[in-house]
2 protein chains.
Amino acid sequence: MATKCENCPLRRRDAFEDLSAEDVRFMQRFKMGEMIVDPGTPILMEGSNSPQLYTALHGMGLRYKLLPNGERQVVSFIFPGDFIGLQAGIMGEMGHSVEATTKMTLCVFDRASLWQFFKERPERAFSLTWLAAVEEHFLGEAVSTLGQRTALQGVAWALVRVFLRGKSLGMERGGQMAFPFKQQDLADALGLSLVHTNKTLGILRKRQLAHWTEGELRVSDLQALADLAMVETTAPPVRPIL
Amino acid sequence: MATKCENCPLRRRDAFEDLSAEDVRFMQRFKMGEMIVDPGTPILMEGSNSPQLYTALHGMGLRYKLLPNGERQVVSFIFPGDFIGLQAGIMGEMGHSVEATTKMTLCVFDRASLWQFFKERPERAFSLTWLAAVEEHFLGEAVSTLGQRTALQGVAWALVRVFLRGKSLGMERGGQMAFPFKQQDLADALGLSLVHTNKTLGILRKRQLAHWTEGELRVSDLQALADLAMVETTAPPVRPIL
DNA sequence: CGAAGTCTTGAAGTCGGTCAAAAGGCGTGG
DNA sequence: CCACGCCTTTTGACCGACTTCAAGACTTCG
C-alpha cells in the first residue's frame with residue numbers, strides 16, 4: 001500500500017521546503033510505486049544506468065565506491081528524504097554504488113520523468129539542481145576532512161554532521177538519535193582503519209563528547225564536539241524534496 | 001572587446017557538446033561581458049552570494065576551502081570551459097573560494113539569469129544540472145583518492161585526471177601540456193605535505209611515468225601511470241558548456 | 001553450544017609529516 | 001653586471017599519527 005505524496009511523512013519535517021498542492025499532484029503522477037528492501041540490499045551499482053530513481057522514505061543507507069584493489073570508500077550516509085540516482089538520471093551513469101543499511105522504503109520514479117520536470121515544471125527542475133548543489137557542497141567538506149583533519153577531528157566532524165542532519169529530520173530526542181551503522185562504515189567514510197576509528201571513538205567517549213554504541217548516537221556536548229571538529233553547529237539548510 | 005558566443009573558441013573543442021544556433025543566441029543575451037583577471041586574483045569567496053557567475057574562457061584557476069586553523073584544501077583545478085559559481089547561483093552561497101592561478105578571461109553572467117534558463121530553456125537548465133552532476137562525480141573520486149589511495153597513487157591519479165582533461169581540451173601536444181600550478185597546490189589538493197609531494201613527484205620522474213617541471217606536464221607512459229593510479233584512461237565524457 | 005560478526009585492546013611497524021637547510025630561478029636596484 | 005631578496009624546488013634526518021597484525025570479549029543466531 002503505497003503512501004500518497006499528499007500524505008508523505010517527510011514533507012512535514014521542517015528540514016524540507018514546502019511544496020505547493022499542485023507540485024504534490026505533479027510528483028504523484030510520476031511516482032511509480034514503493035520498494036521495500038532488506039538490510040544489505042544493493043540499490044544502484046556504480047557504472048549502472050538505472051531506469052529507476054528513488055527517494056528514501058524510511059531507513060538509512062550508504063553510498064560507496066569500490067577501488068580495483070578492493071578498498072571501499074563510503075561517500076555518504078543516506079538519510080530519509082535523500083534522492084538516489086541523480087547521476088544516472090542526468091548523466092546516464094552512477095559514480096558510486098548505493099545499498100541499504102537498514103530496512104528501507106523507497107519511493108520509485110521513472111528516470112524518463114526527470115526530463116518532464118525540466119519541460120513542464122521548472123521549479124521542480126530547479127529543486128533537483130539544488131539537491132545536486134547541496135551534494136557538491138557536502139562533498140567539498142568531506143574532501144577537506146579527508147585531506148586536512150586529523151582522525152580525531154574527522155570523527156568529530158562526521159558525528160556532528162550526522163547529528164545535525166538527524167536533528168533537522170526530527171530523529172533526535174534528548175540528545176540521542178539512531179545511527180545504525182558499523183564502525184567499519186565510518187572508518188571507510190573517513191579513510192581510517194577500523195582499529196584507529198574504534199580507538200578514536202573511545203577518546204570522544206572518554207572526553208564525554210559523544211557516545212556511539214549499539215546503533216545509538218548520543219552527543220553530550222555538541223558545541224565542544226563541533227569546536228574540536230572545526231565546524232559550525234548551524235542546522236543544515238532547508239532543502240527541496242522530490 | 002568581448003568575444004561573441006557565436007565565435008566562442010571553446011565550442012569548437014570536442015570536449016563540449018554542440019549548441020544549437022538558437023542556444024548560442026540565447027546565451028549571448030545573458031552574457032554581461034568579459035572579465036580579465038591577473039594571477040592570484042580572488043574570483044569568488046566561500047560563503048559569498050555573488051550576483052555574478054562565470055565561465056572560464058582562458059586560463060586556469062583553483063577552487064579551495066580554508067579551515068579555521070588555516071589549512072587549505074584545494075577542491076579542484078579550474079580548466080577552460082568550467083562554470084564558476086553554481087552553488088551561489090542555486091543555493092545562494094558558495095561552498096568554496098575560487099581564485100585565478102594564471103591570467104584568466106571570464107565570461108560574466110547575471111545570477112538572476114539562471115532562473116531564465118529553467119523557465120525558458122529547459123535544455124540549458126538540464127545542461128546546468130549535468131555540470132553539477134559531473135562535479136559530484138569528480139568529487140566522489142577525489143574523496144576516494146584522499147581516503148584510500150597512497151601518496152604515490154594519489155599523485156598519479158591527479159596527474160592522469162589533469163592530463164586526460166587537458167587532452168580533451170586540446171591542450172596537449174606530443175604528450176605534453178601546460179599545468180601552471182605549484183607543487184604546494186597539488187599537495188593541498190591531495191592532503192599531502194609539500195615535502196612528500198615533491199618526493200613523490202620525484203619517484204614518478206625516476207620511473208619515467210610523468211615529468212612535471214616548470215609548469216609543463218609530460219606524461220610518458222599514460223597507461224602505466226593510470227594502472228598505478230587505478231583509473232581508466234578513457235576521455236572524460238563530453239560535457240555541456242554554458 | 002558452536003559459529004559468525006562486531007567491538008575492543010595491545011604491540012610493533014611504516015607511511016607520510018615536520019624540521020631544517022641548501023640550491024636554483026627571477027626580478028629589482030645599486 | 002652583480003648583489004640581494006623572495007619564492008619555489010629539492011634533499012636529508014628525525015618523529016609521530018595511523019596502520020597492520022594478533023587475540024580476546026561480547027552478541028546474536030541457528
Side-chain angles (χ1 to χ4, degrees), chain A residues 38-40 62 67 69-74 99 101-103 145-159 178-207 210-218 228-229, chain B residues 38-40 62 67 69-74 99 101-102 145-159 178-207 210-218 228:
Chain A
D38 284 325
L62 281 178
L67 272 76
N69 66 359
E71 301 283 352
R72 181 181 76 149
Q73 175 67 43
V74 167
E99 81 172 44
T101 299
T102 66
K103 183 175 172 184
T145 296
L146 290 170
Q148 310 299 338
R149 282 186 245 254
T150 63
L152 187 62
Q153 293 168 337
V155 170
W157 170 81
L159 296 184
F179 188 57
F181 293 90
K182 291 180 263 178
Q183 293 188 356
Q184 183 71 62
D185 296 326
L186 183 61
D188 287 348
L190 294 169
L192 298 172
S193 69
L194 169 62
V195 171
H196 199 61
T197 301
N198 176 287
K199 288 172 179 167
T200 304
L201 285 166
I203 294 175
L204 292 178
R205 231 175 278 140
K206 192 153 35 185
R207 290 201 195 167
H211 296 240
W212 175 37
T213 46
E214 291 154 45
E216 284 286 314
L217 171 62
R218 184 156 44 92
L228 174 59
Chain B
D38 284 326
L62 281 178
L67 273 76
N69 66 359
E71 302 282 354
R72 182 180 75 147
Q73 175 68 43
V74 167
E99 82 173 41
T101 299
T102 66
T145 296
L146 290 169
Q148 310 299 339
R149 281 185 245 254
T150 64
L152 186 62
Q153 294 168 337
V155 170
W157 170 80
L159 296 184
F179 188 57
F181 293 90
K182 293 180 265 179
Q183 294 189 357
Q184 182 71 62
D185 296 326
L186 182 60
D188 287 347
L190 293 170
L192 298 171
S193 69
L194 169 61
V195 171
H196 199 63
T197 302
N198 176 286
K199 288 172 179 168
T200 305
L201 285 167
I203 294 175
L204 292 178
R205 230 176 280 139
K206 191 153 36 182
R207 291 200 194 169
H211 297 240
W212 175 36
T213 47
E214 292 153 46
E216 284 286 314
L217 171 62
R218 184 157 42 95
L228 174 58

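Below, chains carry the letters A, B, ... as their sequence lines are ordered, and counting in each starts from 1.
For P180(A), the side chain to side chain contact (heavy atoms under 4.5 Å, CB included) test picks out M60(A), T102(A), with sequence neighbours left out. The side-chain hydrogen bond (donor to acceptor under 3.5 Å, both in side chains) test applied to T150(B) returns Q153(B), not counting sequence neighbours. In this structure E71(A) satisfies the side-chain hydrogen bond (donor to acceptor under 3.5 Å, both in side chains) test with no other residue, sequence neighbours excluded. With sequence neighbours excluded, the residues that form a side chain to side chain contact (heavy atoms under 4.5 Å, CB included) with L190(B) are T145(B), V155(B), W157(B), A158(B), L186(B), L192(B).
Pairs of residues two or more places apart, or lying in two chains, that qualify as salt bridge (Lys or Arg N to Asp or Glu O under 4.0 Å) and include a residue from residues 183-198 of chain A are R72(A)-D185(A), R72(A)-D188(A). The salt bridge (Lys or Arg N to Asp or Glu O under 4.0 Å) analysis of residues 194-207 of chain B, with sequence neighbours excluded, yields no pairs.
The distance between atom NZ of K206(B) and atom P of dT10(D), rounded to the nearest whole Å, is 12 Å.
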Sub-3.5 Å pairs of nitrogen or oxygen atoms, protein against nucleotides 15-22 of chain D:
unit_1	atom_1	unit_2	atom_2	d
dC18(D)	OP1	A151(A)	N	2.8
dC18(D)	OP2	H196(A)	NE2	3.3
dT19(D)	OP1	S193(A)	N	3.0
dT19(D)	OP2	S193(A)	N	3.0
dT19(D)	OP2	S193(A)	OG	2.8

Between the protein and nucleotides 27-30 of chain D, list the N/O to N/O atom pairs that are separated by less than 3.5 angstrom.
none

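Taking every heavy atom of residues 182-189 of chain B and every atom of DNA chain C, no pair lies under 4.0 Å.
For dC7(C), the OP1/OP2 oxygens have no side-chain nitrogen or oxygen of R205(A) closer than 4.0 Å. An OP1 or OP2 oxygen of dT10(D) is reached within less than 4.0 angstrom by a side-chain nitrogen or oxygen of N198(B).
Between its opening and closing five pairs, the helix from dT8(C)-dA23(D) to dG30(C)-dC1(D) changes axis direction by 30°, a value rounded to 10 degrees.
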